[in-house]
Amino acid sequence: MDNKPAAVEMRNITKRFGSVLANDRVNLTIRRGEILALLGENGSGKTTLMNMLSGIYYPDEGEILIDGRPAVIRSPRDAFDLGIGMIHQHFKLVDVLTAAENIVLGMPGRLDLRKATEKIRAICDAYGFDVNPKQKIYDMSVSQKQTVEIVKVLYRGADILILDEPTAVLTPQETDKLFAVLRSMRDDGKAIVIITHKMNEVESLSDRVAVLRQGAYVGEVMTAETTAQDMTNMMVGHAVTLNINRPEPVNPHPRLEVKGLTVRNEDGILKLDDVSFIANSGEILGIAGISGSGQKELLESIAGLQSTEKGSISYIQDDGTREELLGKDPLSIQDMGVALSFVPEDRLGMGLVGSMNLADNMMLRSFRAGHSIFTDRKSPYKVAEHVVRDLSVNTPSIGTPVRRLSGGNVQKVLVGREITTAPSVLLTAYAVRGLDINSSYTIYDLINRQKEAGVAVVYVGEDLDVLVELADRILVLCGGKVSGIVDGRRTDKRELGLMMTRIGGADNG
């Protein structure tokens with residue numbers, strides 16, 4: 001592989017943010033005609049390193065060579081001029097503009113939108129992307145927005161592509177399609193870097209793996225010559241157990257019953273269509289579906305955050321007494337003694353206040369009377385310390401605003417806070433999105449502990465491999481309808497992927 005020409009050489013790259021050393025004299029080579037997987041725990045400096053290559057940040061020390069020549073990259077425009085394009089984990093699109101307008105935004109010269117649209121269609125036809133250039137971004141699903149981001153960098157002539165968590169919102173079938181495109185680009189001589197926490201993707205797609213730990217480069221291996229276990233050990237620095245425990249449910253009984261739930265959004269579009277299911281105590285009910293299939297609306301309806309058109313949501317006490325949750329606001333639901341913990345898809349938009357520090361964000365849950373596993377409920381600082389310690393949150397201090405943390409560490413803070421409320425029903429949406437593999441397994445263990453404590457867990461997940469290992473039953477949503485409910489021990493991700501794209505399937509639940 002070393003005989004392939006180097007597209008990028010990063011030499012002794014160092015980046016600091018105040019007292020935090022994000023990258024420490026990193027040396028990294030990216031070669032043409034290969035796919036490089038960049039691995040590391042949350043806060044290890046992966047995204048920061050690639051942000052310097054793509055012009056978002058500028059290194060404090062070190063140099064970058066492109067095709068053997070020193071390059072100064074002070075802006076995304078500089079990066080594009082050098083053929084570098086990055087598809088970020090959090091999309092950088094303007095919602096009120098069309099796909100075509102976003103793709104050409106900031107391009108030099110006079111804009112001819114008609115010719116631009118023709119070029120966009122040609123790129124989409126060449127790679128099999130499904131994009132309507134005239135569609136507004138706010139009308140798109142998350143997966144469509146990701147496609148626009150990819151087309152945007154291709155439109156601008158990028159031959160060095162960086163993809164940050166590219167399959168987070170894709171079905172297995174969509175992932176296969178994307179990987180085929182990336183392999184084709186690699187075979188055409190493009191240099192491709194993927195940042196991902198999914199080891200099965202690293203093994204199936206990449207040619208070489210480079211590992212960062214605590215901001216420093218610790219080594220590289222050829223993918224064909226290593227294993228997921230070895231790569232994880234390199235990331236963490238010690239041996240890690242990669243097994244998801246799935247204890248059998250003990251005395252499960254109905255805790256939450258949803259009947260005929262129908263929800264429309266503000267524009268009158270049907271988001272949930274006659275959805276019915278039962279969530280049992282001491283059980284993990286997984287929810288699978290393409291992004292935008294109604295997962296968000298389902299959890300928000302249960303938590304009292306979403307108005308509904310019809311249906312019922314019954315909370316069932318241990319003695320069989322039923323209480324209707326629909327029509328009650330979130331505070332009323334808490335006052336009933338029903339503890340619903342909700343980890344939303346949008347971490348900083350809905351879950352946390354970015355300008356507030358860790359302790360103050362904990363206080364958002366603890367300032368009202370309610371259940372808690374902590375004896376001193378008046379000390380959110382102690383809660384924050386507990387979460388930082390147990391989930392290994394990488395933060396300078398408890399007093400650091402959460403917006404200064406990496407995306408994965410923000411997620412740890414949010415999940416940790418929600419679990420500390422000792423819920424009877426735990427609703428989680430994408431609880432491990434953006435987390436490294438070691439942190440993800442910590443979260444799986446915490447969720448299983450909730451299950452063993454008799455909590456009814458509703459787990460919305462996007463990694464189907466995890467769903468079939470973790471969940472007892474899996475409900476599949478397709479276009480707002482229940483496509484089926486299957487036994488997690490008797491299904492596989494291919495079956496789930498097919499159910500996610502069409503209505504139908506036996507109900508084994």
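Any value given below was found using the heavy atoms of this structure, including those in side chains, with hydrogens, waters and symmetry copies removed. Start at 1 with the first residue, then count along the sequence.
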- [ ] For residues Leu21 and Thr14, determine if any side-chain heavy atom of one lies less than 4.5 Å from a side-chain heavy atom of the other.
- [x] yes
TODO: Check whether any side-chain N or O of Asn357 sits under 3.5 Å from a backbone N or O of Thr400 as a donor-acceptor pair, and report yes or no.
DONE: no
Open item on the list: Is the shortest side-chain heavy-atom distance between Leu93 and Lys152 below 4.5 Å?
Closed with: yes
Task: Test item: Arg156 side-chain N/O and Ile103 main-chain N/O as donor-acceptor pair under 3.5 Å - done: yes
TODO: State, yes or no, whether a side-chain contact exists between Leu358 and Leu405 at a heavy-atom distance under 4.5 Å.
DONE: yes
Open item on the list: Distance check, rounded to the nearest 0.5 Å: Ile35 atom CD1 versus Met185 atom CE?
Closed with: 10.0 Å
Open item on the list: One thing to verify: whether Arg494 and Asp176 come together as a salt bridge, which I'm taking to mean a side-chain N less than 4.0 angstrom from a carboxylate O.
Closed with: yes
Open item on the list: Salt bridge check, Lys198 against Asp465: does any charged N sit closer than 4.0 Å to a carboxylate O?
Closed with: no
Task: Main-chain N/O of Val218 paired to Arg213 side chain as donor or acceptor, under 3.5 Å - done: no
Open item on the list: Whether the side chain of Ser184 engages the backbone of Ala180 through a donor-acceptor N/O pair (distance < 3.5 Å, no angle test) should be reported.
Closed with: no
Task: For Arg121, all residues meeting salt bridge (Lys or Arg N to Asp or Glu O under 4.0 Å), sequence neighbours excluded - done: none
TODO: Examine the side chains of Thr175 and Glu201 and answer whether a donor and an acceptor come within less than 3.5 Å of each other.
DONE: no
Using a 3.5 Å cut-off and no angle test, enumerate the donor-acceptor pairs between side-chain atoms of residues 52-59 and protein atoms at least two apart in sequence or in another chain.
| from | atom 1 | to | atom 2 | distance (Å) |
| --- | --- | --- | --- | --- |
| Ser54 | OG | Met50 | O | 3.1 |
| Ser54 | OG | Asn51 | O | 3.3 |

- [ ] Count the heavy atoms of every other residue, nucleotide or ligand shown that sit under 6.0 Å from CG of Asp130, and state whether that count exceeds 12.
- [x] no
Task: Under 3.5 Å donor-acceptor, Ser44 side chain and Glu41 backbone - done: yes
Task: More than 12 heavy atoms of other groups within 6.0 Å of Gln306 CD - done: yes
TODO: Any salt bridge (charged side-chain N to carboxylate O under 4.0 Å, His left out) involving residues 9-25? Give me the pairs, sequence neighbours left out, ordered by first then second residue.
DONE: Glu9-Arg11, Arg11-Glu63, Lys15-Asp60, Arg16-Glu61
TODO: State the NZ-CG distance between Lys310 and Leu272, to the nearest 0.5 angstrom.
DONE: 12.5 Å
- [ ] List the steps, then state whether side-chain contact (heavy atoms from CB on, under 4.5 Å) holds for Leu414 with Arg417.
- [x] CA-CA 5 Å; Leu414 179 57; Arg417 184 193 70 187; 3.5 Å; yes
- [ ] Measure the spacing between CD of Gln135 and OG1 of Thr98 and express it to the nearest 0.5 Å.
- [x] 10.0 Å
TODO: May I ask you to test the Tyr155-Met107 pair for a side-chain heavy-atom distance under 4.5 Å?
DONE: yes
Open item on the list: Quick check against the 3.5 Å criterion: does Gln295 have a side-chain atom that pairs as donor or acceptor with the backbone of Ile287?
Closed with: no
- [ ] Check whether any side-chain heavy atom of Ile192 lies under 4.5 Å from a side-chain heavy atom of Leu205, and answer yes or no.
- [x] no
- [ ] Evaluate the side-chain proximity of Ile73 to Ile84: yes if any heavy-atom separation is below 4.5 Å, no if none is.
- [x] yes
Task: Side-chain donor/acceptor of Thr308 to backbone N/O of Val263, under 3.5 Å - done: no
Open item on the list: Are Leu154 and Phe129 packed together at the side-chain level, in the sense that at least one heavy-atom pair is separated by less than 4.5 angstrom?
Closed with: yes
- [ ] Report yes if the side chains of Glu165 and Gln146 come closer than 4.5 Å at any heavy-atom pair, otherwise no.
- [x] no
Open item on the list: Is it the case that the side chain of Arg77 and the backbone of Gly106 share a donor-acceptor pair, with hydrogens and angles ignored and the cut-off at 3.5 Å?
Closed with: yes
Task: Electrostatic pair Arg114-Glu118, nearest N-O below 4.0 angstrom - done: yes
Open item on the list: Check this for me, if you would: do Asp67 and Arg32 make a salt bridge, where the nitrogen-to-carboxylate-oxygen distance has to be below 4.0 angstrom?
Closed with: yes
Open item on the list: What's the separation between atom CD1 in Ile66 and atom CE in Met10, rounded to the nearest 0.5 Å?
Closed with: 8.0 Å
Task: Main-chain N/O of Tyr138 paired to Asp95 side chain as donor or acceptor, under 3.5 Å - done: no
- [ ] Would you give the length of the straight line joining atom CG of Leu475 to atom CG of Leu298, rounded to the nearest 0.5 angstrom?
- [x] 7.5 Å
Open item on the list: What's the separation between atom OG1 in Thr501 and atom CG in Leu496, rounded to the nearest 0.5 Å?
Closed with: 11.0 Å
Task: Side-chain donor or acceptor of Ser483 paired with backbone N/O of Met499 under 3.5 Å - done: yes
